[in-house]
Amino acid sequence: MKKLMECMNEEMAAAFAACGIEETYARVTASNRPDLCEFQCNGAMSAAKALKKAPILIAQDVVSRLADSGVFASAEAVKPGFLNLKLQEDFLAQYLNRMREEPDYGNEKVTEAQTVIIDYGGPNVAKPLHIGHLRSAVIGESIKRMGRYAGHHVIGDIHLGDWGLQMGLIITELRKRQPDLVYFDESYEGEYPAEAPFTIAELEEIYPTASAKSEKDADYKAQAMEDTYKLQNGVRGVRALWNHIIRVSVADLKKNYAALNVEFDLWKGESDVHDMIPAMVEKMKKDGFAYESDGALVVDVKKETDTKEVPPCMILKSDGASLYNTTDLATILDRMRTYQPQKLIYLTDKRQELYFEQVFRCARKTGLVKEETQLVHIGFGTMNGKDGKPFRSRDGGVMRLEYLLRDIYEEMYRKIAQNETLSRAEAEETAKVVALSAIKYGDLSNQASKDYIFDIDRFTSFEGNTGPYLLYTVVRMKSILKKYMRGGKGMPEGGILPAVSESEKALMLETAAFNGMVLSAYEELAPHKVCAYLYDLANAFNHFYHETKILTEEDAARQGSYICLLDLCKGIMETCIDILGFSAPERM
């Protein structure tokens, strides 16, 4: 189904062509003066020089060709040559009725679907998720859902930090605390216990303790490096203990990500590509890309066009150890071999921009990706407190993500419990749903690359540009529909009629704008555009609601039209919030 703007552009192009003017000038846009018109076209201004004719005369010629338009109710030429346009009410109603009948409200899937892998997790095992993990998870999940809605095959990968010295540190600390564990007996040949010798709470305490010890005790750090070597070289007991660390950590991570309504298709980590590194490095050397510099192995990635210094991409350290660069490059190689994606998207803090520039250039130069493969880094800004500094816990430390979720939930429950018609159980469940909307919408409504202020009071408000306001609007729609349907009524058969008020037409125009919006937002990897659309649609509906007596309308056909329009709006809003990664309750 064509987008509404496409229909208008085609109508305008025909008018321009009838005047002997190139159709490229006939571009319709939303009005920047909504008090004067709904849409505008400035093509006469652009064409004036080429035609050597006054723009107002061109505009008047075009207006004359639109006198009998089936799309525009009015077209007015305004000096010095603007075209002010209003859409025909009949045409708009017909367009919305088609949206109601079409799959996905008329949103056509992309003609050439891509395989896309999104790397949007990046947590380290054995460490709790903290608020630094929030933005990558929330933004990545919404982009994944946007891509799938548009028709692409999108794969989400958590990309765990599960290899390297941090694992050696944990194993060394376990060795110090529980030296009699069978895993440390290298002569043991039996089966290892199925249960881990630690809980997730113990594991989360072990790592920072071990890390602190290694900074002060050289022998301790040497033992950790030895345990890391044993792990990476397959020493049976150490590898079995590592498997316990992974299982316990992943189970906890899945629980915490589920609380955010975030799901990954792949739970791979750095360890999955460890065995690929030697051959990859050898090929880089053989092909003449990798060379030694101060003992380390590097690949030059600078270009003649660079205006700033881009250092070489280090492949191996001077002691032969691999780095994040190495595992990221091997992961790219693995993804290309296994999935043949057309696009790889990475979400991290924007301060890692140079790092990914180096890795991407190295991957291209060494032939790890095809020439046409898109490598995209989405660098997001910082989540700050009201003081403008990075958000912290009350004691000044980095806040655990589950504690942030708890604080938002408690504030949301306090507000929702004031509705005494809800049972305690219903209020608790509703608070969880609304709290998630507060967190996700509070983040996603900001452009990803920008820093933003995380304000619990504002994010949990039922007024303004917030998640709870949007959900309250959806719940209001559900309530009206339930009241209308009482007594066995079904959805009215007459469909949506032409608007009879300004607020009704404004709502219809916002509703019609959904068609193609998600595809456009995905192409720009911009969830904030879905948020902006949702907020405008909610405002348009609430304005219409306050001016219109929907359930007491005496004209049955007109009331039926209101109900059909409301049902369409509700479906579109629910689709949008699902794309953003949250849902609406039945009551609030």
Side-chain angles (χ1 to χ4, degrees), residues 121-133 159-186 196-250 252-253 269-274 277 294-297 314-328 330 348-349 351-352 355 390 392-393 395-401:
N124 290 318
V125 300
K127 294 175 70 177
L129 291 177
H130 56 76
I131 58 171
H133 295 107
H159 195 62
L160 293 165
D162 64 352
W163 209 238
L165 182 59
Q166 69 182 64
M167 294 292 100
L169 287 167
I170 294 168
I171 293 166
T172 294
E173 183 62 19
L174 286 167
R175 188 188 295 276
K176 298 291 183 183
R177 296 184 183 193
Q178 303 181 64
D180 295 331
L181 286 176
V182 68
Y183 307 95
F184 302 125
D185 181 357
E186 295 190 6
F198 44 74
T199 64
I200 186 61
E202 292 169 334
L203 202 55
E204 289 175 353
E205 180 271 328
I206 285 172
Y207 175 73
T209 299
S211 181
K213 285 182 179 180
S214 71
E215 292 178 3
K216 299 176 182 178
D217 187 336
D219 291 339
Y220 188 95
K221 186 170 185 178
Q223 178 64 62
M225 293 177 73
E226 183 181 340
D227 280 328
T228 303
Y229 178 84
K230 288 180 177 180
L231 168 65
Q232 296 182 351
N233 285 273
V235 173
R236 185 168 172 266
V238 174
R239 188 64 68 90
L241 195 56
W242 174 79
N243 282 328
H244 281 313
I245 296 171
I246 298 301
R247 281 195 294 270
V248 171
S249 294
V250 167
D252 186 64
L253 285 170
E270 294 167 337
S271 61
D272 287 282
V273 298
H274 176 71
I277 289 174
D294 295 328
L297 194 70
M314 189 181 297
I315 307 301
L316 296 177
K317 294 193 290 187
S318 57
D319 61 0
S322 59
L323 308 94
Y324 285 124
N325 308 43
T326 326
T327 53
D328 276 334
T348 70
D349 187 301
R351 289 172 291 189
Q352 295 188 40
Y355 168 80
R392 298 284 178 179
S393 60
D395 61 6
V398 177
M399 180 177 277
R400 288 178 63 145
L401 188 54

- In chain order, what residues pass the side-chain hydrogen bond (donor to acceptor under 3.5 Å, both in side chains) check against Ser318, with sequence neighbours excluded? none

- Message: To the closest 0.5 Å, what do you measure between CG (Leu169) and CD (Gln166)?
- Response: 8.5 Å

- Could you please spell out the steps behind the side chain to side chain contact (heavy atoms under 4.5 Å, CB included) verdict for Leu160 and Leu253? CA-CA 10 Å; Leu160 293 165; Leu253 285 170; 3.6 Å; yes

- Query: What's the spacing between Glu226 CD and Leu231 CG if we round to 0.5 Å?
  - Reply: 12.5 Å

- Item | Criterion side chain to side chain contact (heavy atoms under 4.5 Å, CB included) on Thr209 and Lys176, from CA distance to verdict | CA-CA 12 Å; Thr209 299; Lys176 298 291 183 183; over 6 Å; no

- Item | His244 side, atom NE2; Ile170 side, atom CD1 - distance, nearest 0.5 Å | 14.0 Å

- Message: As an exercise, state the distance from CG of Leu174 to CG of Leu241, rounded to the nearest 0.5 Å.
- Response: 5.5 Å

- NZ on Lys230 to OG1 on Thr172, rounded to 0.5 Å: 9.0 Å

- Query: What pairs of residues pass the ring-ring contact (aromatic ring centres under 6.0 Å, His included) test when at least one of them lies in residues 223-242, not counting sequence neighbours?
  - Reply: Trp163-Trp242

- Any Tyr183 side-chain heavy atom under 4.5 Å of Arg175 side chain: no

- Item | Listed partners of Gln232 passing side-chain hydrogen bond (donor to acceptor under 3.5 Å, both in side chains), at least two apart | none

- Any chance you could measure Arg392, atom CZ, to Met399, atom CE, to the nearest 0.5 Å? 11.0 Å

- Item | His159: partners by ring pair (Phe, Tyr, Trp, His ring centres under 6.0 Å), with sequence neighbours left out | none

- Residues that Asn243 engages under side-chain hydrogen bond (donor to acceptor under 3.5 Å, both in side chains), provided they are two or more places apart: none

- Spell out, as yes or no, whether a donor-acceptor pair under 3.5 Å connects the side chain of Ser214 to the backbone of Tyr220. no

- Message: Using the ring pair (Phe, Tyr, Trp, His ring centres under 6.0 Å) criterion, which residues pair with Tyr207? Sequence neighbours excluded.
- Response: none

- Message: Pair Ile171, Ile245 - check side chain to side chain contact (heavy atoms under 4.5 Å, CB included), show working.
- Response: CA-CA 9 Å; Ile171 293 166; Ile245 296 171; 4.3 Å; yes

- Message: Going by salt bridge (Lys or Arg N to Asp or Glu O under 4.0 Å), name the residues that satisfy it together with Glu202, two or more places apart in sequence or in a different chain.
- Response: none

- Query: Does some side-chain heavy atom of Thr348 sit less than 4.5 Å from a side-chain heavy atom of Tyr355?
  - Reply: no

- Query: How would you list all residue pairs meeting salt bridge (Lys or Arg N to Asp or Glu O under 4.0 Å) that involve residues 231-247, not counting sequence neighbours?
  - Reply: none

- Message: Applying salt bridge (Lys or Arg N to Asp or Glu O under 4.0 Å), can you list everything that pairs with Asp349, at least two apart in sequence or on another chain?
- Response: Arg351

- Task: Please list, chain by chain and in numerical order, all residues satisfying salt bridge (Lys or Arg N to Asp or Glu O under 4.0 Å) with Asp162, sequence neighbours excluded.
- Result: none

- Does some side-chain heavy atom of Met167 sit less than 4.5 Å from a side-chain heavy atom of Val125? yes

- Could you name each residue pair satisfying salt bridge (Lys or Arg N to Asp or Glu O under 4.0 Å) that touches residues 209-221, not counting sequence neighbours? Glu173-Lys213

- Task: Kindly indicate whether the side chain of Leu165, heavy atoms from C-beta on, has any atom under 4.5 Å from the side chain of Met225.
- Result: yes

- Which residues share a salt bridge (Lys or Arg N to Asp or Glu O under 4.0 Å) with Glu204, sequence neighbours left out: Arg400

